[in-house]
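Here is the naming used below: chain letters follow the sequence lines, and residue numbers restart at 1 for every chain.
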Amino acid sequence: MKACLYCCNTPIELVESFGLDARRFVSSGATSDESRGEIHPGVCSWCKTIIGSQTDDDILVASRTCDQAARVLDFRSRQSGKTLLITHMPATRTKASYQYFKSEILWQIDRLSEITGKSPNEDRLDESIRKWNRIRKSLRENRGLLSGSAFVALVHKIMDGETNISVNSDFSSGKQDSSSMKIAVAGCPTSKAEISFLEMIEKNGASVVLDATCTGDRFSELEVEESGDPVENLAKAYFERIPCIRARPNTEFFDWMKIKTKRLGVEGVIWKTLRGCDMWTAELERAKTVLDLPVLGIDISYSDVSSPRIQTRVEAFLESLR
Amino acid sequence: MSYIDPQPKKAGFSEFMNLHTAIPKEIKESFISLSDTDFEYAYMENPGCFTELEGDTRLMNLRFDNSLASQRLWSFLLSEEERLHKSRKAGKTIIGAMKDLGTVPIIAYANPDNIAFYPDGAWWIPCVMEMSEGLLKLSDRAGVGDEFCPARAALAAFINRAHFPIPDLLVGAVGSCCDDFSAIMSRISTLGYKTHWWELPYRREEEPGNGSVRLPTGVFVSEEMVDYVEGQLESVKTAIEETNGTRISDSDIAGSIAKTNKLRILIQSIRDMAYRTNPCPLPSLEAQIVEMIALHFCSDMDESINVISHIEQMMKKRVANGEGILPADNCRVVWVNPVADLRVMNLVEDLGGRIAGTEYLFRHALIQIPTDIKPMRALAQTALCDPMIGPSIYRAKLVADEAVKYSAEGVIISDIPGASHCATEGRMIRDYVADKLSLPVLEITVPPLTDSAIGQISTRLEAFFEVIKDRRNQI
């Protein structure tokens with residue numbers, strides 16, 4: 001049985017521990033995949049590709065984070081007849097919200113158990129936790145070896161289910177140019193087609209040393225405690241990870257950005273929002289005041305990722321930083 | 001001191017003003033708001049005051065129910081800003097509830113020294129003032145452009161502070177709320193206003209039994225979910241208590257719930273008459289306002305009950321006399337989502353429609369709150385009936401139930417431009433209604449001002465009503 005996970009707040013370790021062939025959704029970014037006219041054009045491209053991409057997954061697993069994605073998955077599940085498991089990831093960061101999130105994880109265990117006919121297995125869960133800790137640790141430790149585009153491409157590969165990464169082969173291409181200008185990218189999840197956007201930044205003499213999207217450094221900055229109750233550890237790690245932009249208040253996200261950009265010597269931030277994404281779009285003006293760095297806001301859809309408009313704006317921004 | 005309503009019909013703005021002039025002064029002065037304070041005032045103003053002094057110029061393009069009760073309803077609604085300002089002078093604590101649409105104000109009003117309203121309601125300001133106030137432009141400049149729903153006007157209203165008084169406390173419901181308003185609330189909070197966040201979890205329905213809890217709408221959810229929301233609402237209560245400095249007891253909440261239930265019974269009675277009786281005894285525009293009053297009592301809980309009771313009495317009289325304001329053969333439709341431009345509610349009737357059921361995003365604000373359990377738990381259970389926090393199919397079922405209840409012949413989904421829920425919901429409602437009831441569905445988009453789109457909206461509505469009439473002939 002195959003399961004596709006649609007949000008980085010959903011513990012893949014748990015899904016895998018039930019013997020499911022689990023992967024995380026990576027948008028192809030191909031405009032031909034964009035929903036095939038089945039939903040309103042105002043939806044962001046990432047959500048459109050959830051509808052449009054043809055996959056052979058049996059189960060859709062997601063966290064209730066952004067409204068659009070939850071509704072699009074609901075739609076897809078009803079259209080395709082596939083089982084949808086949605087757990088609630090609280091936007092608030094209180095103790096009560098943590099307890100509720102934990103109860104959601106327990107609900108998910110029950111449902112996975114029903115679907116697969118397997119009992120929860122602590123050994124398998126421990127094994128999966130160790131495996132993903134290793135992967136994320138490797139990504140963190142070798143992050144400096146890779147350019148931003150190569151790093152995100154590697155994250156995509158892992159999300160796609162290719163988890164046998166090797167430092168020698170996977171971290172040998174796309175070296176980071178330590179002499180170039182240091183840039184951070186934040187915003188909506190990056191699709192495969194948008195790797196070319198990151199490469200374009202790099203071709204213009206900058207290094208993407210921090211990727212604060214769901215498909216970049218925030219993907220790897222998570223470690224689950226390996227001793228003690230694995231369910232408790234999973235809930236704690238996922239709840240306490242660098243929060244999504246939708247957290248309320250979302251000061252923690254900006255605090256993390258400030259610390260990381262300072263530590264990495266970032267000189268400018270590119271705030272990449274998919275047209276139709278309210279969560280990231282609304283925070284652009286705030287980022288400009290909070291981050292204390294030059295910020296370029298780029299609204300993008302998958303169809304114009306390599307357009308002259310985008311390229312010119314990035315070039316002008318990088319020029320202004322020199 | 002008596003006044004007899006003219007024969008029921010819709011009146012243009014001039015006629016509505018003239019009707020107001022004909023109402024005896026003693027009657028006008030008997031309609032009082034904030035009667036528990038030194039700042040009580042008679043709120044029945046000539047409608048012309050709102051256009052000339054407040055800039056509510058859209059009123060001149062609307063047509064109104066010509067009854068005294070309707071005059072009172074409109075004055076009560078349009079004088080809300082003044083009421084909020086007077087409340088501040090009277091020393092009341094102002095709570096700005098955001099997004100939950102119907103729950104937090106009940107907690108706030110449990111202490112008569114509090115007043116609560118939804119800044120979200122600012123989404124109507126660009127329509128009512130015909131964009132002269134510049135809120136959407138200001139929102140654009142703040143980086144919240146037209147990819148967001150018109151509720152972005154609320155952000156601008158907090159930036160320019162030119163409309164409602166700034167609340168002493170903002171209470172924002174997040175979690176399963178729409179992306180638009182979650183983002184807008186986040187930006188509002190960063191303007192430096194004291195904000196308390198509480199969580200509305202995703203409503204996942206459970207099977208009956210195994211400790212699941214039956215909500216007032218009949219669906220079952222887990223006990224953990226109800227416990228969690230009850231705890232969240234306790235945190236809201238504490239935040240309000242700390243802001244006001246006065247404790248709110250369970251019996252205070254129970255008292256507030258009792259008044260709320262009284263209002264909701266009246267509104268249900270009005271809905272039943274307005275959406276079922278033929279000829280229709282209340283225009284859809286006034287009916288929509290009546291439903292909206294359920295959200296925060298238009299900033300005066302006691303008077304809102306009097307105003308709505310007046311409307312109900314007027315309608316009962318009309319029904320008893322067989323009087324109405326629309327031709328009996330107008331096409332009966334369920335209307336989904338509130339309209340950003342109020343004029344559209346006139347338009348739908350002018351073109352041959354009538355409303356036979358609604359789903360305005362806040363069904364949970366219209367249902368009876370249980371009184372046989374702890375008040376805060378009752379509020380939690382009611383809040384969890386919010387049609388926006390669960391799968392779209394729940395809303396589709398509500399729409400279908402309305403269609404059956406009020407014998408609707410079609411469904412009109414009025415999309416809100418930019419709203420995250422509208423992108424997929426329309427299709428799901430359409431599929432469900434078509435599958436279960438074989439009713440035609442029309443989906444239109446209504447911007448805050450429809451003037452430039454009125455031609456295409458009219459054509460689509462006309463065509464839709466033609467389809468319904470053809471179906472009548474085929475039966």
Side-chain angles (χ1 to χ4, degrees), chain A residues 38-44 47 51 63-64 66-79 84-94 96-97 99-101 103-104 106-107 245-251 273 275-286 288-290 297 299, chain B residues 141-145 147-149 152 155 172 174-187 189-190 195 197-204 206 222 224-225 227-229 231-232 234-235 388-393 415 417-428 431-432 443 445:
Chain A
E38 290 198 77
I39 51 169
H40 199 276
V43 172
C44 82
C47 284
I51 299 288
S63 298
R64 176 53 177 82
C66 69
D67 188 41
Q68 249 186 52
R71 288 177 185 280
V72 160
L73 282 163
D74 184 18
F75 180 79
R76 179 169 158 80
S77 155
R78 284 181 195 280
Q79 296 294 96
L84 171 64
L85 299 185
I86 293 191
T87 49
H88 184 73
M89 166 52 88
T92 48
R93 310 277 292 165
T94 60
S97 292
Q99 288 301 332
Y100 187 70
F101 179 63
S103 76
E104 287 288 275
L106 293 170
W107 172 84
I245 196 76
R246 73 180 268 280
R248 298 290 177 263
N250 58 12
T251 39
T273 59
R275 223 158 288 140
C277 171
D278 298 333
M279 292 296 186
W280 283 98
T281 304
E283 299 294 338
L284 168 62
E285 291 304 310
R286 181 146 169 244
K288 286 178 181 173
T289 52
V290 167
D299 67 314
Chain B
R141 283 204 296 277
V144 177
E147 64 272 39
F148 290 79
C149 93
R152 65 198 176 102
L155 169 63
V174 289
S176 273
C177 84
C178 64
D179 294 339
D180 301 80
F181 215 68
S182 174
I184 290 163
M185 285 190 285
S186 174
R187 289 293 304 281
S189 74
T190 58
T195 308
W197 302 106
W198 67 286
E199 189 87 20
L200 259 174
Y202 178 73
R203 185 189 53 245
R204 199 178 42 237
E206 301 286 340
S222 69
E224 285 94 344
M225 191 180 291
D227 290 345
Y228 179 46
V229 175
Q232 294 296 294
E234 286 287 353
S235 77
M388 303 307 293
I389 63 169
S392 300
I393 202 73
D415 282 345
S420 60
H421 60 94
C422 286
T424 46
E425 216 175 38
R427 172 72 184 274
M428 290 179 73
D431 289 352
Y432 187 84
E443 198 169 351
T445 300

So, taking the atom named CG in A:Leu106 and the one named OG in B:Ser222, what distance separates them when rounded to the nearest 0.5 Å? 11.5 Å
Taking the side chain as every heavy atom from C-beta outward, state whether A:Pro90 and B:Tyr228 have any atom pair closer than 4.5 Å. yes
For B:Tyr202 and A:Thr87, which I'm curious about, is there any donor-acceptor pair between the side chains at under 3.5 Å? no
Do the side chains of A:Glu285 and B:Arg187 get nearer than 4.5 Å, heavy atoms only? yes
Go through the structure and list residues passing ring-ring contact (aromatic ring centres under 6.0 Å, His included) with A:Phe75, not counting sequence neighbours. none
Looking at CG of A:Asp67 and OG1 of B:Thr424, how far apart are the two atoms once the value is rounded to the nearest 0.5 Å? 7.5 Å
Bottom line for A:Trp107: the part with an atom under 4.5 Å from chain B's heavy atoms is side chain
Is there a side-chain contact between B:Met225 and A:His88 in this structure, where contact means two heavy atoms from C-beta onward sitting under 4.5 Å apart? no
A:Thr281 side chain near B:Phe148 side chain, heavy-atom distance below 4.5 Å: yes
At a heavy-atom distance under 4.5 Å, which candidate from B:Thr190, B:Ile393, B:Thr195, B:Ile389 has the highest pair count against chain A? B:Ile393
Tell me if a side-chain donor or acceptor on A:Arg248 pairs with a main-chain N or O of B:Ser182 at a distance below 3.5 Å. yes
For A:Ser97, is it the side chain, the backbone, both, or neither that has a heavy atom closer than 4.5 Å to a heavy atom of chain B? both
State, without any angle test, whether A:Arg71 and B:Ser420 hold a side-chain donor-acceptor pair at a distance under 3.5 Å. no
Within the structure provided, determine whether A:Glu104 and B:Pro201 are in side-chain contact (heavy-atom separation under 4.5 Å). no
Can a salt bridge be assigned to the pair B:Glu147 and A:Arg275 using a cut-off of 4.0 Å between side-chain N and carboxylate O? no
Side chain, backbone, both or neither: which part of A:Leu84 has a heavy atom under 4.5 Å from chain B? neither
Can you tell which of A:Gly297, A:Cys277, A:Pro249, A:Gly276 has the highest number of heavy-atom pairs within less than 4.5 Å of chain B? A:Pro249
Per-residue tally against chain B (heavy atom, under 4.5 Å) across A:Gly42, A:Ala70, A:Ala96 peaks at A:Ala96
Counting heavy-atom pairs under 4.5 Å with chain A, the top scorer among B:Asp227, B:Val174, B:Leu200 is B:Val174
Is the shortest side-chain heavy-atom distance between A:His40 and B:Cys422 below 4.5 Å? no
Side chain from CB out, backbone as N, CA, C, O: work out which of these in A:Gln99 comes under 4.5 Å of a heavy atom of chain B, or both, or neither. neither
Determine yes or no for a side-chain-to-main-chain donor-acceptor pair under 3.5 angstrom, with B:Asp179 supplying the side chain and A:Met279 the backbone. no
Rounded to the nearest 0.5 Å, what's the gap from CG on B:Asp431 to CD on A:Gln79? Could you check? 6.0 Å
Note: vs chain B, highest number of non-hydrogen pairs under 4.5 angstrom among A:Ile86, A:Thr289, A:Val290, A:Leu284 is A:Ile86
Are the side chain of A:Arg246 and the backbone of B:Ala183 linked by a donor-acceptor contact shorter than 3.5 Å? no
When rounded to the nearest 0.5 angstrom, what is the spacing between CG in A:Asp278 and SG in B:Cys178? 8.0 Å
Least distance between heavy atoms, A:Asn250 atom then B:Ser186 atom: ND2-OG, 3.7 Å
